[in-house]
Amino acid sequence: MRILIDGYPRTQFSVSGPEAVLVSCGKTTRLAPRLETELANEIERQFALGVGDVTVRLANEQQTKAVQDKLKHGDYQTTVLLSDQLPMGQTSVEVEFAPNHGPHFVERFDAKIIVSIRVALAKQPIERGVVLDSSMFNLVQRPIVRKADFARDGYLVGRVAKRNIASNEVILSSYLAERTHSREPIIKRNDLLDVIVPLGRNEIRLKNAKSLSTGDVGDTITVINTRSNRQLSAIVVDRNLARVLPITGKVRR
């Protein structure tokens with residue numbers, strides 16, 4: 001004997017008697033979790049993500065109930081209709097339903113979509129102008145609910161920080177720039193330039209320092225304060241701009 005009961009969770013009823021019985025709930029009671037699973041699987045497939053990297057939670061019970069009423073007890077197939085952009089966070093997704101008995105129809109569902117993505121976290125404060133190496137960041141898998149241009153593994157080493165990056169901050173591609181290697185260095189010997197001196201969380205910008213060496217973005221050069229004649233090591237940040245390094249010893253000339 002096979003019994004199909006609509007609208008009751010399996011834990012809320014029991015069947016007893018001498019005959020073998022297979023009991024299942026009506027398909028409509030399983031619509032929400034089935035849809036959540038199908039949406040997650042399709043997002044992973046259509047955007048070449050790993051199995052288990054996407055979690056979907058339907059956010060509007062009324063939308064699900066309206067579809068349940070249309071499907072009644074018949075089985076159905078679904079096609080998830082996604083845009084070209086990876087859906088993430090609070091969003092909506094269209095699903096086409098193809099019931100075994102009845103016409104096809106399309107419904108839009110409000111959903112929260114969480115995507116597990118491999119991101120780079122700064123292991124230490126990274127100052128503007130510093131060239132990144134593998135010791136400065138960790139790669140971790142993290143559930144993400146907002147879109148951003150997260151820096152990928154192959155885009156990190158050898159890039160120059162365009163801004164200060166705090167310890168444990170997620171590194172975005174927009175924080176980094178390619179290190180320039182031109183025939184003509186952007187700073188030449190005896191060029192006058194501004195230097196940035198870190199002061200706690202603030203910065204001091206001094207004008208009219210003189211470069212005693214040449215360099216491109218990310219290179220370490222020697223500069224001299226033309227007022228005090230004091231020499232300092234600094235990292236080239238941009239054309240005619242360098243950031244002073246913390247003083248750890250004698251500066252080589």
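The first residue in the sequence is number 1, and the count goes up from there.
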Non-neighbouring partners of [X] that pass salt bridge (Lys or Arg N to Asp or Glu O under 4.0 Å), sequence neighbours left out:
| X | value |
| --- | --- |
| Lys65 | Asp69 |
| Arg146 | none |
| Asp153 | none |
| Arg163 | Glu169 |

Any salt bridge (Lys or Arg N to Asp or Glu O under 4.0 Å) involving residues 95-116? Give me the pairs, sequence neighbours left out, ordered by first then second residue.
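Qualifying pairs, neighbours excluded: Lys70-Glu107, Glu94-Arg108.
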According to salt bridge (Lys or Arg N to Asp or Glu O under 4.0 Å), does anything in residues 114-124 pair up with another residue at least two apart or in another chain? List the pairs.
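Those involving residues 114-124 do not exist here.
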Is Val145 isolated, or which residues cluster with it under the ILVMFWY side-chain rule of less than 4.5 Å, directly or via members?
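Once heavy-atom contacts under 4.5 Å are chained together, Val145 belongs with Ile114.
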Test question: given the 4.5 Å side-chain rule for I, L, V, M, F, W and Y, name all other residues clustered with Leu241, or answer none.
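Besides Leu241, the hydrophobic cluster comprises Ile196, Val237, listed by chain and residue number.
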Quick check with a 6.0 Å cut-off and a 45 degree axis cone: is Arg142 positioned over the face of Phe150's six-membered ring?
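No, a cation-pi geometry is absent between Arg142 and Phe150.
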Is there a path of hydrophobic side-chain contacts, each under 4.5 Å between heavy atoms, that joins [X] and [Y]?
| X | Y | value |
| --- | --- | --- |
| Leu176 | Ile117 | yes |
| Val56 | Ile144 | yes |
| Met88 | Leu39 | yes |
| Val195 | Ile224 | no |
| Leu121 | Met136 | yes |

Taking all heavy atoms of [X] and all of [Y], pick out the closest pair and write down the distance.
| X | Y | result |
| --- | --- | --- |
| Ala122 | Ala166 | CB-O, 3.4 Å |
| Thr64 | Leu58 | OG1-CD1, 4.0 Å |
| Ser116 | Gln141 | OG-CG, 3.0 Å |
| Val95 | Thr78 | CG1-CB, 3.8 Å |
| Val106 | Leu81 | CG1-CD1, 4.3 Å |
| Asp149 | Ser174 | OD2-N, 3.0 Å |

Determine whether [X] and [Y] make a side-chain contact, defined as any pair of heavy atoms from C-beta on separated by less than 4.5 Å.
| X | Y | answer |
| --- | --- | --- |
| Leu132 | Val157 | no |
| Arg128 | Lys162 | no |
| Leu49 | Leu86 | yes |
| Val119 | Val140 | yes |
| Leu71 | Phe105 | yes |

Can you name the side chain to side chain contact (heavy atoms under 4.5 Å, CB included) partners of Pro198, sequence neighbours left out?
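If we apply the side chain to side chain contact (heavy atoms under 4.5 Å, CB included) test to Pro198, skipping adjacent residues, the hits are Glu127, Arg243.
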Could you list the residues that satisfy side chain to side chain contact (heavy atoms under 4.5 Å, CB included) with Ala120, not counting sequence neighbours?
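Side chain to side chain contact (heavy atoms under 4.5 Å, CB included) check on Ala120 returns Phe137, Leu139, Leu156, Ile171.
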Given Ile126 and Tyr175, is the side-chain contact (heavy atoms from CB on, under 4.5 Å) satisfied, shown in steps?
CA-CA 11 Å; Ile126 301 173; Tyr175 297 172; over 6 Å; no
Would you compute the distance between atom [atom1] of [X] and atom [atom2] of [Y] and round it to the nearest 0.5 angstrom?
| X | Y | atom1 | atom2 | value |
| --- | --- | --- | --- | --- |
| Ser92 | Ile113 | OG | CD1 | 8.5 Å |
| Ser173 | Arg159 | OG | CZ | 9.0 Å |
| Asn225 | Leu206 | CG | CG | 6.5 Å |
| Ile187 | Leu212 | CD1 | CG | 11.5 Å |
| Glu36 | Arg34 | CD | CZ | 13.0 Å |
| Asp84 | Gln46 | CG | CD | 10.0 Å |

Check whether [X] reaches the backbone of [Y] with its side chain - one donor and one acceptor, N or O, closer than 3.5 Å.
| X | Y | answer |
| --- | --- | --- |
| Ser213 | Thr222 | yes |
| Glu42 | Thr79 | no |
| Thr220 | Ser233 | no |

Who passes ring-ring contact (aromatic ring centres under 6.0 Å, His included) against Phe47, sequence neighbours left out?
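Phe47: no ring-ring contact (aromatic ring centres under 6.0 Å, His included) contacts found.
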Have a look at Val223 and tell me which of Leu232, Asp191, Val236 forms a side-chain contact (heavy atoms from CB on, under 4.5 Å) with it.
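When Leu232, Asp191, Val236 are each tested with Val223, the side-chain contact (heavy atoms from CB on, under 4.5 Å) holds only for Leu232.
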Under the side-chain contact (heavy atoms from CB on, under 4.5 Å) test against Pro87, which residue among Val80, Leu82, Val54 passes?
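Output: one option passes, namely Leu82.
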Other residues, nucleotides, ligands: >12 heavy atoms within 6.0 Å of Lys210 NZ:
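For Lys210, atom NZ is not crowded (no more than 12 foreign heavy atoms under 6.0 Å).
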How would you list all residue pairs meeting side-chain hydrogen bond (donor to acceptor under 3.5 Å, both in side chains) that involve residues 53-62, not counting sequence neighbours?
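As it turns out, there is no side-chain hydrogen bond (donor to acceptor under 3.5 Å, both in side chains) pair with a partner in residues 53-62 once direct neighbours are skipped.
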